[in-house]
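Structure record follows, encoded as structure tokens.
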There are 2 protein chains.
Amino acid sequence: MILIDYKSRKPIYEQIIDNIKSLIVSGVLKRDEQLPSVRQMAQELAINPNTIQKAYTELEREGITYSLKGRGSFVGSSLQELRTVQQKALLEQLAELSADLYRLQVPQQDAWTVVQQVYEQQKEDEAYD
Amino acid sequence: MILIDYKSRKPIYEQIIDNIKSLIVSGVLKRDEQLPSVRQMAQELAINPNTIQKAYTELEREGITYSLKGRGSFVGSSLQELRTVQQKALLEQLAELSADLYRLQVPQQDAWTVVQQVYEQQKEDEAYD
DNA sequence: TATGTGTATTATATTATCTAGTACACCTAT
DNA sequence: ATAGGTGTACTAGATAATATAATACACATA
């Protein structure tokens, strides 16, 4: 369900956060569905429970999950809500990257070609599902 | 000449590296031109000389500068060489970002609009030089 | 010779990350 | 009521990356 890359410079708890967001946005985890408990996920990933706890706390702070004492942690954000937020964030990243591309005098056409090619490649990959 | 953002999560030595690359790519620093000495830059930025040294060592490792004992550090990469390398790196970033955009189902048209707007905005800003 | 270079070394401080262990309050099924 | 599973809080320690501090040495040049 969740994969951790220990070689990455990205902290484990951030990888868990991103992973859960992906699961929600991809529709695997749905609103009000229960997440694995802190201890369970810690055991499955062979990671300290405190690290999972840190990820869950941050997810709750962002309003993406909610926790009930004695019950568990649950998805608090709908697929559409989270998708909208993340789309906005990605477009902001794209704007920053575009500014860098401009500064380095990369032709607009070259940038566009890359985007197009990736989109078409992804579409092809999807055709095999 | 160089600005450091102490609030940034990016380490100071990395900021120095990026800053010097920008100065080369923008044509401010030219091939074989001498960089500020380790001690001089350390004093100007009120930063420990070892931190500057770390940045310079990395720049030399990347082939962007070269150092001569007793002489100083100099630009070893031409504007065109470095620009080409960095353009390639940026386009790779763009490819990764495009894949994320696709996964989040951002319409290709929306992405394209952002890129276009940034390019036009930058062009306008430049007109005031 | 004096000064300014790059470079190397050792030590310390700080911060972020992660682990370890323990404890408590709460919920629920038995 | 009890047991077991929840979230949560707390203290402590290990480790790595980053940055500072203080010296020292070799080399180049005016």
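All chains are named by letter (A, B, ...) in the order of the sequence lines, taking the proteins before the strands, and each is independently numbered beginning at 1. All heavy atoms count here, side chains included; hydrogens, waters and symmetry mates do not. Predicted, not measured: the structure shown is a model, and the values here were computed from it.
- The side-chain heavy atoms of A/L35 and A/Y56, taken from C-beta on, include a pair separated by under 4.5 Å.
- Between the P atom of C/dT19 and the CD1 atom of A/I4 lies a distance of 10 Å, rounded to the nearest Å.
- Look at A/R61 and A/E58 and you find a salt bridge, because one of the NZ, NE, NH1 or NH2 atoms lies within 4.0 Å of a carboxylate O, short of that distance.
- Side chains of A/F74 and A/R31 form no contact here, defined as non-hydrogen atoms less than 4.5 Å apart.
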Whether each nucleotide of nucleotides 7-13 of chain C has a protein heavy atom under 4.0 Å at its base (B), only at its sugar-phosphate (S) or at neither (-) is summarised, 5' to 3', as B-B----
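- A/D125 and A/Q121 share a donor-acceptor pair across their side chains, judged by distance under 3.5 Å alone.
- Using a 4.0 Å cutoff to heavy atoms of chain A, the contacted part of DNA chain D runs 5' to 3' from D/dG5 to D/dC10.
- Remark: B/Q34 CD is packed, more than 12 non-hydrogen atoms of other residues, nucleotides or ligands lying under 6.0 Å away.
- Counting heavy atoms from C-beta on, the side chains of A/E44 and A/Q40 come closer than 4.5 Å.
- In this structure, CD of B/Q43 is placed 11 Å from P of C/dG4, rounded to the nearest angstrom.
- Using a 4.5 Å heavy-atom threshold, the side chains of A/E92 and A/K88 count as touching.
- A heavy-atom distance below 4.5 Å is not found between the side chains of A/V118 and B/L94.
- In this model, a donor atom of one side chain and an acceptor atom of the other lie less than 3.5 Å apart for B/S73 and B/S67.
- For the segment residues 11-19 of chain B, residues with any heavy atom less than 4.0 angstrom from an atom of DNA chain D are, sorted by number, B/P11, B/I12, B/Y13.
- Separating the CD atom of A/Q34 from the C1' atom of C/dT28 is a distance of 12 Å, rounded to the nearest angstrom.
- Using a 4.0 Å cut-off between charged side-chain N and carboxylate O, B/K10 and B/D5 make no salt bridge.
- Comparing A/Y6 and B/G72 along DNA chain C, the residue whose closest nucleotide (by nearest heavy atom) sits nearer the 5' end is B/G72.
- Rounded to an integer number of Å, the gap from CZ of B/F74 to P of C/dT5 is 10 Å.
- Remark on DNA chain C: of its neighbouring residues A/P49 and A/R71, the 5'-side contact belongs to A/P49, judged by nearest-heavy-atom nucleotide.
- For the residue pair B/Y102 and A/E126, a side-chain donor N or O sits within less than 3.5 Å of a side-chain acceptor on the partner.
- The phosphate of C/dT17 (OP1 or OP2) has a side-chain N or O of A/K54 nearer than 4.0 angstrom.
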